[in-house]
Q: 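Got a structure for you, questions after.
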Amino acid sequence: MLNYGLSGAHWDPFAELRQLQSQMNRLFEGGARSQRQNDNAWPPFNMWMGDDSVVVTAEMPGVAQDDIDLTVRENTLIIAGKRNPATEDEDAVWHRRERPSGEFSRSIRLPLRVDPDKVEARVNNGVLEVEMGRPDAERPRKIEVKAS
């Protein structure tokens, strides 16, 4: 709100702009969140390399173990599944709805090729952990240097 009744010494136009910016951010926050969900940014994941494997962990709260589908092809991991809605009540009146539901799929490019026979996946407290081993033929080998 503009303070027209105050003298120029007390009125801060930058405070008004900060307040307007804050209101605009709140207005568009819901749209940005929906956009993030639509651009395949869910589930969020971390990835790191071990000596002979790569590990991906993904946050998947509210997703049942049976509703998760994993596919590994060469250097790509695809995490797909279904997240059921919080309530099936069609007469429910939502006051706020931030948690997405429905089907999802996320394709993750891995830093190396993996052996599909050396993949282990587990879920613990809503976190999916997928450990994928390298094919034996592609593992780095230490070469012994011999004197001539």
Side-chain angles (χ1 to χ4, degrees), residues 1-3 12-148:
M1 302 280 190
L2 294 176
N3 298 320
D12 182 4
F14 296 106
E16 299 290 334
L17 287 172
R18 285 190 298 272
Q19 182 180 11
L20 178 62
Q21 181 181 20
S22 176
Q23 291 171 352
M24 294 297 286
N25 287 343
R26 280 196 303 270
L27 177 67
F28 290 112
E29 183 179 279
R33 181 173 290 116
S34 298
Q35 181 61 33
R36 283 194 304 265
Q37 292 166 1
N38 291 337
D39 67 5
N40 293 327
W42 201 88
F45 73 94
N46 291 336
M47 178 177 9
W48 65 90
M49 295 268 306
D51 291 335
D52 296 323
S53 64
V54 61
V55 177
V56 172
T57 58
E59 296 180 12
M60 302 181 69
V63 179
Q65 179 179 340
D66 295 338
D67 290 335
I68 300 171
D69 293 318
L70 298 175
T71 305
V72 176
R73 269 190 221 128
E74 294 185 7
N75 66 336
T76 303
L77 170 66
I78 300 170
I79 301 174
K82 186 172 87 171
R83 189 170 174 174
N84 294 319
T87 180
E88 298 291 332
D89 185 5
E90 293 179 11
D91 296 330
V93 177
W94 291 95
H95 291 276
R96 188 164 186 119
R97 191 172 188 175
E98 295 183 359
R99 296 181 60 205
S101 62
E103 294 184 1
F104 61 89
S105 178
R106 182 145 193 201
S107 179
I108 301 167
R109 172 161 265 144
L110 304 171
L112 51 88
R113 287 186 47 202
V114 296
D115 185 349
D117 295 328
K118 295 182 179 179
V119 176
E120 291 184 20
R122 340 173 236 293
V123 177
N124 187 20
N125 292 329
V127 178
L128 171 69
E129 180 178 310
V130 184
E131 184 172 359
M132 298 159 282
R134 284 184 173 188
D136 292 332
E138 293 188 12
R139 286 188 181 169
R141 290 188 174 82
K142 186 170 181 170
I143 309 297
E144 182 182 339
V145 179
K146 299 178 184 178
S148 42

Q: Return the minimal non-hydrogen interatomic distance between Val123 and Gly126, and the atom names on each side.
A: CG1-N, 4.4 Å

Q: Report yes if the side chains of Met60 and Ile68 come closer than 4.5 Å at any heavy-atom pair, otherwise no.
A: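 Yes, close enough: below the 4.5 Å cut-off.
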
Q: Applying salt bridge (Lys or Arg N to Asp or Glu O under 4.0 Å), which residue pairs with at least one partner in residues 107-117 are found, sequence neighbours left out?
A: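 Sorted result for residues 107-117: Arg113-Glu138.
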
Q: Could you pull out all residues at least two apart from Lys82 that satisfy side chain to side chain donor-acceptor pair (under 3.5 Å)?
A: none

Q: Take Val127 and Arg122 through the side-chain contact (heavy atoms from CB on, under 4.5 Å) test and state the conclusion after the steps.
A: CA-CA 8 Å; Val127 178; Arg122 340 173 236 293; over 6 Å; no

Q: Would you say the side chain of Ile108 lies within less than 4.5 Å of the side chain of Val56, judging by non-hydrogen atoms?
A: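 In contact.
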
Q: From Gln23 CD over to Gln21 CD, what is the distance, rounded to the nearest 0.5 angstrom?
A: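 If we round to the nearest 0.5 Å, Gln23:CD and Gln21:CD are 11.0 Å apart.
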
Q: For the pair Lys146 and Glu144, evaluate salt bridge (charged side-chain N to carboxylate O under 4.0 Å, His left out) and give the outcome as yes or no after the intermediate values.
A: CA-CA 6 Å; Lys146 299 178 184 178; Glu144 182 182 339; 5.8 Å; no

Q: A side-chain contact here means heavy atoms from C-beta on lying under 4.5 Å apart; do Ile79 and Leu128 qualify?
A: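 Yes. Closest side-chain heavy atoms under 4.5 Å.
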
Q: So Asn84 and Asp67, do their side chains get closer than 4.5 Å, heavy atoms only?
A: yes

Q: Quick one: list whatever passes side-chain contact (heavy atoms from CB on, under 4.5 Å) with Pro111, sequence neighbours left out.
A: Met47, Met49, Val54

Q: Do Val130 and Val119 have side chains that approach each other closer than 4.5 Å (heavy atoms only, starting at C-beta)?
A: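 Side chain of Val130 against side chain of Val119, heavy atoms only: contact under 4.5 Å found.
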
Q: Quick one: pull up CG in Leu77 and OG in Ser107 and give me the separation to the nearest 0.5 Å.
A: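 That separation rounds to 8.0 Å.
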
Q: For residues 95-135, pull every pair meeting ring-ring contact (aromatic ring centres under 6.0 Å, His included), keeping only residues two or more places apart or in separate chains.
A: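 Pairs touching residues 95-135 that pass the test: Trp42-Phe104.
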
Q: Does a side-chain heavy-atom distance below 4.5 Å link Asn75 with Leu112?
A: no

Q: Could you check if a side-chain atom of Val72 sits within less than 4.5 angstrom of a side-chain atom of Met132, using non-hydrogen atoms only?
A: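 Side chain of Val72 against side chain of Met132, heavy atoms only: contact under 4.5 Å found.
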
Q: Give me each pair satisfying side chain to side chain donor-acceptor pair (under 3.5 Å) with a member in residues 51-63, each pair once, sequence neighbours excluded.
A: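 Qualifying pairs, neighbours excluded: Ser53-Glu131.
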
Q: Applying side chain to side chain donor-acceptor pair (under 3.5 Å), name anything that partners Gln65, two or more places apart in sequence or on another chain.
A: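 Gln65 satisfies side chain to side chain donor-acceptor pair (under 3.5 Å) with no residue once adjacent residues are dropped.
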
